[in-house]
Amino acid sequence: MNNLTSRANVVLANSLSVLAILTGMLFITTIHLRVEPKFDLKVNEAQIRHTPDHMSGKRDYLDLTLLNYNLNIDLSDSFHWNVKMIFLYLVAEYTSEANQVNQVVLWDKIVMRGDNPVVDLKSMRTKYFFFDDGSSMRGTNTTFSLHWNIVPNAGLLPNIRGSKSVSTILLLTTLLTTTN
């Protein structure tokens with residue numbers, strides 16, 4: 001009845017129970033901690049080009065926005081003992097006649113624990129294309145904001161939008177910018 005396999009089973013089951021309790025305690029001790037990286041975003045230049053749509057096979061034209069921006073992020077205070085990595089991404093949000101909400105991811109980066117916690121980008125171009133599905137982007141008020149996902153060792157995976165954003169009216173040659 002008390003052979004080697006049953007004793008090993010008891011030790012393993014008790015060990016897993018203790019690990020589960022410790023993991024739950026890890027989650028409870030960090031649930032109230034907010035991760036708010038310090039960041040500064042500035043849009044230097046925005047150009048809209050009316051380009052042919054080669055992707056759908058139609059003979060339509062699309063608006064392609066080319067951006068030049070500065071982004072400075074300091075994650076030094078954001079890593080505590082339950083944060084494994086932070087996924088950062090820059091989002092442009094605008095409304096058009098066809099769609100009430102348009103959100104486009106322009107840039108992203110994964111910052112692991114132990115990596116350089118400061119991201120300093122000067123005169124960056126977008127990592128991904130910023131297309132509109134028509135030609136209604138001119139004159140729209142576009143809001144650029146930084147979002148991040150925290151990947152913890154144990155617990156919830158929150159999706160957080162930064163408190164600061166930059167609003168820009170996209171015109172063909174000029175750029176009007178306000179910062180919140």
Side-chain angles (χ1 to χ4, degrees), residues 34-79 83-152 157-180:
R34 300 289 301 160
V35 175
E36 286 284 336
K38 299 176 199 97
F39 69 94
D40 186 36
L41 171 65
K42 181 183 177 203
V43 177
N44 300 327
E45 179 186 1
Q47 296 176 354
I48 297 179
R49 292 189 181 165
H50 203 59
T51 60
D53 182 11
H54 298 293
M55 294 176 281
S56 67
K58 299 176 184 176
R59 294 192 176 264
D60 291 337
Y61 281 83
L62 302 175
D63 282 343
L64 169 65
T65 303
L66 302 173
L67 291 176
N68 185 335
Y69 60 92
N70 296 341
L71 182 60
N72 186 354
I73 309 166
D74 185 11
L75 298 167
S76 301
D77 300 333
S78 301
F79 282 97
V83 175
K84 187 186 300 184
M85 72 174 109
I86 299 176
F87 176 67
L88 303 163
Y89 55 103
L90 182 64
V91 175
E93 185 174 347
Y94 64 98
T95 60
S96 66
E97 294 175 6
N99 301 313
Q100 290 296 320
V101 177
N102 295 295
Q103 292 180 328
V104 180
V105 174
L106 304 174
W107 170 86
D108 61 6
K109 181 174 178 65
I110 297 173
V111 180
M112 302 285 292
R113 174 186 292 286
D115 288 351
N116 184 7
V118 177
V119 178
D120 191 18
L121 306 173
K122 302 281 187 208
S123 297
M124 273 299 283
R125 297 268 180 207
T126 58
K127 187 174 179 181
Y128 306 110
F129 287 114
F130 186 8
F131 276 110
D132 184 37
D133 60 352
S135 57
S136 60
M137 194 176 279
R138 283 189 201 116
T140 60
N141 186 9
T142 304
T143 303
F144 299 97
S145 57
L146 184 69
H147 297 237
W148 57 88
N149 293 77
I150 301 163
V151 180
L157 297 168
N159 182 10
I160 304 168
R161 179 182 176 155
S163 58
K164 292 188 283 187
S165 62
V166 174
S167 294
T168 300
I169 297 176
L170 297 175
L171 301 174
L172 199 53
T173 55
T174 59
L175 176 69
L176 305 172
T177 305
T178 60
T179 304
N180 295 345

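Worth saying up front: this structure is predicted, and the values here are computed from it rather than measured. Numbers here are sequence positions counted from 1. These values consider heavy atoms only, across backbone and side chains, with no hydrogens, waters or symmetry-generated copies.
- The closest side-chain heavy-atom distance from Met85 to Asp115 is not below 4.5 Å.
- Using cut-offs of 30° and 60° on the angle between ring planes, the pair Phe130 and Phe144 is perpendicular.
- Taking 4.5 Å as the limit, some side-chain heavy atom of Ile86 sits within range of a side-chain heavy atom of Ser78.
- Contact check for Asn116 versus Leu75: no side-chain heavy atoms found under the 4.5 Å cut-off.
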Point to revise | Met124/Leu71 under side-chain contact (heavy atoms from CB on, under 4.5 Å): CA gap, chis, key distance, verdict | key: CA-CA 8 Å; Met124 273 299 283; Leu71 182 60; over 6 Å; no
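- For the pair Ser123 and Asn70, the minimum side-chain heavy-atom distance is below 4.5 Å.
- Between Val104 and Phe131, the shortest heavy-atom contact is CG2-O, 4.5 Å.
- When all heavy atoms of Leu157 and Val151 are compared, the pair lying nearest together is CD2-CA, 3.9 Å.
- Counting heavy atoms from C-beta on, the side chains of Leu41 and Leu90 come closer than 4.5 Å.
- Between Leu121 and Trp107 there is a side-chain heavy-atom pair separated by less than 4.5 Å.
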Exercise for review: Under the side-chain contact (heavy atoms from CB on, under 4.5 Å) rule, what do Lys109 and Trp148 come out as? Steps first, then yes or no, please.
Suggested key: CA-CA 10 Å; Lys109 181 174 178 65; Trp148 57 88; over 6 Å; no
Check your understanding: Val118 and Asn72: side-chain contact (heavy atoms from CB on, under 4.5 Å), yes or no, with the steps?
Key -> CA-CA 8 Å; Val118 177; Asn72 186 354; 4.3 Å; yes
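- Interatomic distance, Gln103 CD to Tyr94 OH, rounded to the nearest 0.5 Å: 10.5 Å.
- For Lys42, the NZ atom is loosely surrounded, since the number of other residues' heavy atoms within 6.0 Å does not exceed 12.
- A side-chain hydrogen bond (donor to acceptor under 3.5 Å, both in side chains) with Ser96 is found for one member of Asn102, Asp63, Thr140 and no other, namely Asn102.
- How far NZ of Lys38 is from CD1 of Ile73: 13.0 Å, rounded to the nearest 0.5 Å.
- Residues that satisfy the salt bridge (charged side-chain N to carboxylate O under 4.0 Å, His left out) test with Lys122, not counting sequence neighbours, are Asp120.
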**Study point:** Test side-chain contact (heavy atoms from CB on, under 4.5 Å) applied to Leu88 and Val111, step by step
**Key:** CA-CA 8 Å; Leu88 303 163; Val111 180; 3.9 Å; yes
